> 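My questions all concern the structure below.
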Amino acid sequence: MKRPALLLALCAPLAEAAPLTAEQQPLNLHAIGMFFVFVIATLAITWWAARRTRSAADFYSAGGGISGFQNGLAIAGDYMSAATLLGLSSLVFARGYDGFVYIIGFFVGWPIVTFLMAERLRNLGRYTFADIVSYRLDQTRVRSFAALGSLTVVCCYLVVQMVGAGQLIKLLFGLDYSTAVVVVGALMLVYVIFGGMLATTWVQITKAVLLLGGGTTLAVLALARFDFSFETLAEQAVALHASGAQIMGPGSLLADPINAVSLSLGLVFGIAGLPHILMRFFTVPNAREARRSVLFATLFIGFFFLVVCALGYSAIVIVGGDPQYFVDGKLGGALIGGGNMVAMHLAKAVGGDLFLGFLSAVAFATILAVVAGLALAGASAISHDLYASVLKKGRANEKDEMRVSRIATVAIGMVAIGLGILFEQMNIAFLVGLTFGVAASANFPVLIMAMYWDGLTTRGAVYGGLAGLISALALVTGSPSVWVGVLGHAEALFPYDQPALFSMPLAFVTIVLVSKLDRSKRAQAERAAYADQFVRAQTGFGAAAASSH
């Protein structure tokens with residue numbers, strides 16, 4: 001596999017845009033029927049939510065009335081994508097234990113969010129993470145930077161989702177690529193414009209339940225073939241896999257230690273800088289529920305990742321030993337539909353066409369839920385941070401702010417659809433790396449320093465954030481994935497695919513140095529204001545109360 005394609009396959013859990021390049025498949029009537037059931041159910045949720053969305057707080061944060069358990073499910077729904085099921089199960093199928101090690105990288109960031117951020121996010125923020133960063137700093141400059149960072153992450157992630165939507169549905173449903181992209185974009189607009197965060201939350205919850213239920217059912221059906229004996233499964237997997245016993249131990253997947261560490265840093269700290277994930281902490285009534293949200297999310301995500309590992313190993317035996325799932329019936333050759341279709345083939349093997357149709361519909365449903373959350377995060381950055389706080393200096397009324405947010409949602413949706421169609425044939429591995437690289441290098445350093453360092457100043461936050469943003473963009477552009485794989489040059493300017501090991505420390509160093517050197521009166525006042533922020537962060541006194549729905 002070529003290096004850019006490998007990177008995209010490895011980043012599959014981060015986006016639906018795994019390298020699905022197979023031909024369009026025959027129409028899957030089971031999948032389409034179940035997809036329409038899901039669409040009707042979610043449109044009913046949106047209608048219900050629209051009747052309860054009366055204020056900006058309702059639109060941006062569901063009025064802060066979501067419980068910790070519900071929000072935990074919604075966070076899990078935001079994080080668990082269709083490609084978590086497809087991409088990671090395929091990785092375990094291909095490389096065994098290496099795939100399990102890789103999965104851990106997507107999981108270990110949650111303790112950072114739990115212990116360092118969840119409580120302070122709820123106590124200090126209102127609608128976006130820029131509320132926290134600008135709490136004691138210059139509103140105009142800091143919010144402008146925060147909006148830039150948020151929109152960069154949202155746009156990169158949205159393009160990945162939209163391309164993935166088209167490729168997955170072309171593959172699973174037999175629909176035209178452009179049609180699938182337009183359908184996803186249109187439904188996203190309906191969810192966000194009419195239902196706001198309340199509708200988005202319940203769509204995420206529905207999607208999470210379907211994905212957890214479908215994945216668990218598939219694992220149970222698969223493990224039943226081995227009498228639920230992991231020893232039997234392991235013995236048969238080792239006997240059938242081309243690598244033999246090597247699939248039970250670490251291999252060479254992350255042989256380059258620098259790239260491995262850089263990737264790990266991006267995954268761990270990138271989670272804490274994703275705007276659509278951070279927004280979820282403003283939907284709960286208090287800090288206690290924020291902590292409970294992460295606890296439940298961690299449990300759901302951890303359980304699902306274990307399910308995915310079981311699916312990968314089960315597929316080695318059930319799919320890997322059946323020639324009907326390979327091109328021309330050649331065992332060990334190319335899988336029909338591409339390398340990421342292992343879970344779908346397993347679903348057909350143990351549950352027939354009906355279960356395959358259900359899982360295909362769930363895969364599409366996950367994309368709809370993720371893009372709705374991303375669109376809302378982007379619209380919030382434009383309407384709340386740029387329009388209401390920067391342009392109107394906090395004097396905009398709620399009606400105008402919500403109107404701008406809905407206009408921004410339409411604009412983001414149109415851009416996402418257009419870019420999704422435009423990038424159909426493009427290897428977009430660099431967008432996945434850039435998304436988490438920017439989140440870890442620009443958003444996270446500024447956010448964590450704003451929460452915990454009393455010496456932070458506006459200049460430090462802006463210059464440090466820009467240093468992380470620009471360096472992450474530059475390093476990804478010069479990486480083998482882009483400079484060689486996309487732009488066609490003979491040799492990369494930067495030898496590693498992941499920027500976080502270099503761009504994130506640069507952001508922190510710049511923040512500290514610029515803040516230390518800033519001797520202005522404004523900087524002195526900003527340092528002195530940390531005491532008030534600390535009290536608010538610890539007690540939540542003055543934080544917005546929950547609405548009643």
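Not measured: the values here are computed from a predicted model.
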> Look at the side chain of Ser383 and the backbone N and O of Val404, then say whether any donor-acceptor pair between them is shorter than 3.5 Å.
no
> Check the side chains of Tyr60 and Glu401 for a donor-acceptor pair under 3.5 angstrom, ignoring hydrogens and angles.
yes
> Does the Arg143 side chain pair with the main chain of Ser389, one donor and one acceptor, at a distance under 3.5 Å?
no
> Within 45° of the six-membered ring axis of Tyr452 and under 6.0 Å from that ring's centre, is NZ or CZ of Arg120 located there?
yes
> If we only count heavy atoms from C-beta on, is the Ile45 to Thr206 side-chain gap below 4.5 Å?
yes
> Under 3.5 Å, is there a donor on one side chain and an acceptor on the other for Thr201 and Arg280?
yes
> Kindly indicate whether the side chain of Val446, heavy atoms from C-beta on, has any atom under 4.5 Å from the side chain of Phe145.
yes
> With no hydrogens and no angle check, just 3.5 Å: does a side-chain donor-acceptor pair link Asp138 and Thr140?
no
> Check whether Thr46 reaches the backbone of Ala199 with its side chain - one donor and one acceptor, N or O, closer than 3.5 Å.
no
> For Ser515, give me all partners under side-chain contact (heavy atoms from CB on, under 4.5 Å), at least two apart in sequence or on another chain.
Trp453, Leu456, Thr457, Ile511
> Just to verify, what does Ser380 make a side-chain hydrogen bond (donor to acceptor under 3.5 Å, both in side chains) with, not counting sequence neighbours?
none
> Flag the pair Arg527 and Asp454 as a salt bridge only when some basic side-chain nitrogen lies within less than 4.0 angstrom of an acidic carboxylate oxygen.
no
> Aromatic contact between Tyr127 and Phe282, with the criterion being ring centroids under 6.0 Å apart: yes or no?
no
> Could you verify whether a donor N or O on one side chain and an acceptor N or O on the other, from Glu289 and Ser67, lie under 3.5 Å apart?
no
> Please confirm whether the backbone N or O of Ala529 pairs with a side-chain atom of Asp532, one donor and one acceptor, at under 3.5 Å?
no
> Just wondering, do Asn123 and Thr539 contact through their side chains at under 4.5 Å, heavy atoms?
no
> With distance as the sole test, does Ser441 use its side chain to make a donor-acceptor pair with the main-chain N or O of Val438 at under 3.5 Å?
no
> Distance alone, cut at 3.5 Å: any donor-acceptor contact between the side chains of Asp58 and Thr53?
no
> Have Lys207 and Thr42 got a donor and an acceptor in their side chains that come within less than 3.5 Å?
no
> Does Glu526 come within less than 4.0 Å of Arg136, counting only side-chain N to carboxylate O?
no
> I need the minimum non-hydrogen distance between Phe436 and Leu267, along with the two atoms involved.
CD2-CA, 4.0 Å
> Whether the side chain of Tyr191 engages the backbone of Ala186 through a donor-acceptor N/O pair (distance < 3.5 Å, no angle test) should be reported.
no
